[in-house]
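Here is the structure we will look at, set down as structure tokens.
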Amino acid sequence: MDILMISGSLRASSNNSALLRTARTLMPDGFHGVHYDGMAELPHFNPDDDLDPLPASVVDLRTRITESAALLICTPEYAGALPGSFKNLLDWTVGGIEIGDKPTAWINVSANSTKAANAYASLRLVLRYTGATIVDKACVHLPVVPSMVDARGLIDDDWVRDGVARSLAALVAHVASAATIG
Ligand SMILES: Cc1cc2nc3c(=O)[nH]c(=O)nc-3n(C[C@H](O)[C@H](O)[C@H](O)COP(=O)(O)O)c2cc1C
């Protein structure tokens, strides 16, 4: 089963993207981390354009979401809010059925004293509009600083890696239990 991993940062040496790359190496058995890499190609959301034929980048985003068993999000905070490009991505999902009640978690890597609290409060609010099931047990705060990221772009800090593994375990446990009930 695929877990779609979405970074809210477009920065090449992003700590959030490093966390997701690391998560991909720590996936529990039976699960595969899929990086979403199309955020920069999405057009500005306009409800007038949310009609067939949709832009290919929007079709790709929605298809990837539909095909995933769960979502894992890591995003920075910009100016006390979600980055505009990431909010734009979320706007392309709000009116659709792709996210539905999909199990969704985030890992907050902010090393700032405010813990990017406004961005994550906003993420919770926006996800509520999509219908996503937020798996609270899997939503964790694991501060990451650039010195923790190695030359391969992976986090080599054991405490962070253990935290990522625990978050993923909670997320896939939710997926498994939802599949059993369903
Ligand atoms: C324009 C801009 C605004 C920012 N605003 C905030 C902020 O409001 N709160 C915060 O905690 N960090 C803020 N930051 C710091 C970023 O969240 C931080 O650099 C983070 O590491 C970026 O994530 P990335 O490494 O994944 O790209 C801001 C950075 C930039 C460039």
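Remember, it's 1-based here, ligands and their atoms both numbered in the order they're listed.
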Contacts of type side-chain hydrogen bond (donor to acceptor under 3.5 Å, both in side chains), residue Arg64, not counting sequence neighbours = Asp60

Distance filter under 4.0 Å to [X] heavy atoms, resulting ligand 1 atoms:
| X | result |
| --- | --- |
| Arg11 | 24 (P), 25 (O), 27 (O) |
| Ala79 | 3 (C), 4 (C), 5 (N), 6 (C), 7 (C), 8 (O) |
| Asn16 | 23 (O), 24 (P), 26 (O) |
| Ser14 | 24 (P), 25 (O), 26 (O), 27 (O) |

Decide whether Asn112 and Thr114 meet the rule of one side-chain donor and one side-chain acceptor closer than 3.5 Å.
-> yes

Could you tell me whether some N/O pair between Gly80 and ligand 1 is separated by less than 3.5 angstrom?
-> yes

Any N/O pair Ser13/ligand 1 closer than 3.5 Å = no

Salt bridge or not for Lys87 and Asp91, using N-O below 4.0 Å?
-> yes

Looking only at protein heavy atoms, which one is nearest to [atom], and how far off is it?
| atom | value |
| --- | --- |
| atom 31 (C) of ligand 1 | Tyr78 CE2, 4.2 Å |
| atom 21 (O) of ligand 1 | Asn15 ND2, 3.9 Å |
| atom 14 (N) of ligand 1 | Glu77 O, 3.4 Å |

For His35 and Met5, indicate whether the former's side chain and the latter's backbone hold a donor-acceptor pair under 3.5 Å.
-> no

Is there a donor-acceptor contact under 3.5 Å from the side chain of Thr22 to the main chain of Ile155?
-> yes

For residues Val175 and Phe31, determine if any side-chain heavy atom of one lies less than 4.5 Å from a side-chain heavy atom of the other.
-> yes

Mind telling me whether Tyr120 and Trp106 have parallel, tilted or perpendicular rings, with 30° and 60° as the class edges?
-> tilted

Check whether any protein heavy atom sits under 4.0 Å from [atom].
| atom | result |
| --- | --- |
| atom 25 (O) of ligand 1 | yes |
| atom 1 (C) of ligand 1 | no |
| atom 18 (C) of ligand 1 | no |

Could you give all pairs that pass the ring pair (Phe, Tyr, Trp, His ring centres under 6.0 Å) test and reach residues 150-179, with sequence neighbours left out?
-> none

Among Ser110, Ala12, Ser9, Pro76, closest by heavy atom to atom 20 (C) of ligand 1 is Pro76

Between Asn112 and ligand 1, which residue portion shows a heavy-atom distance shorter than 4.0 Å: side chain, backbone, both, or neither?
-> side chain

Is Val135 reachable from Met1 through a run of hydrophobic residues whose side-chain heavy atoms are each under 4.5 Å from the next?
-> yes

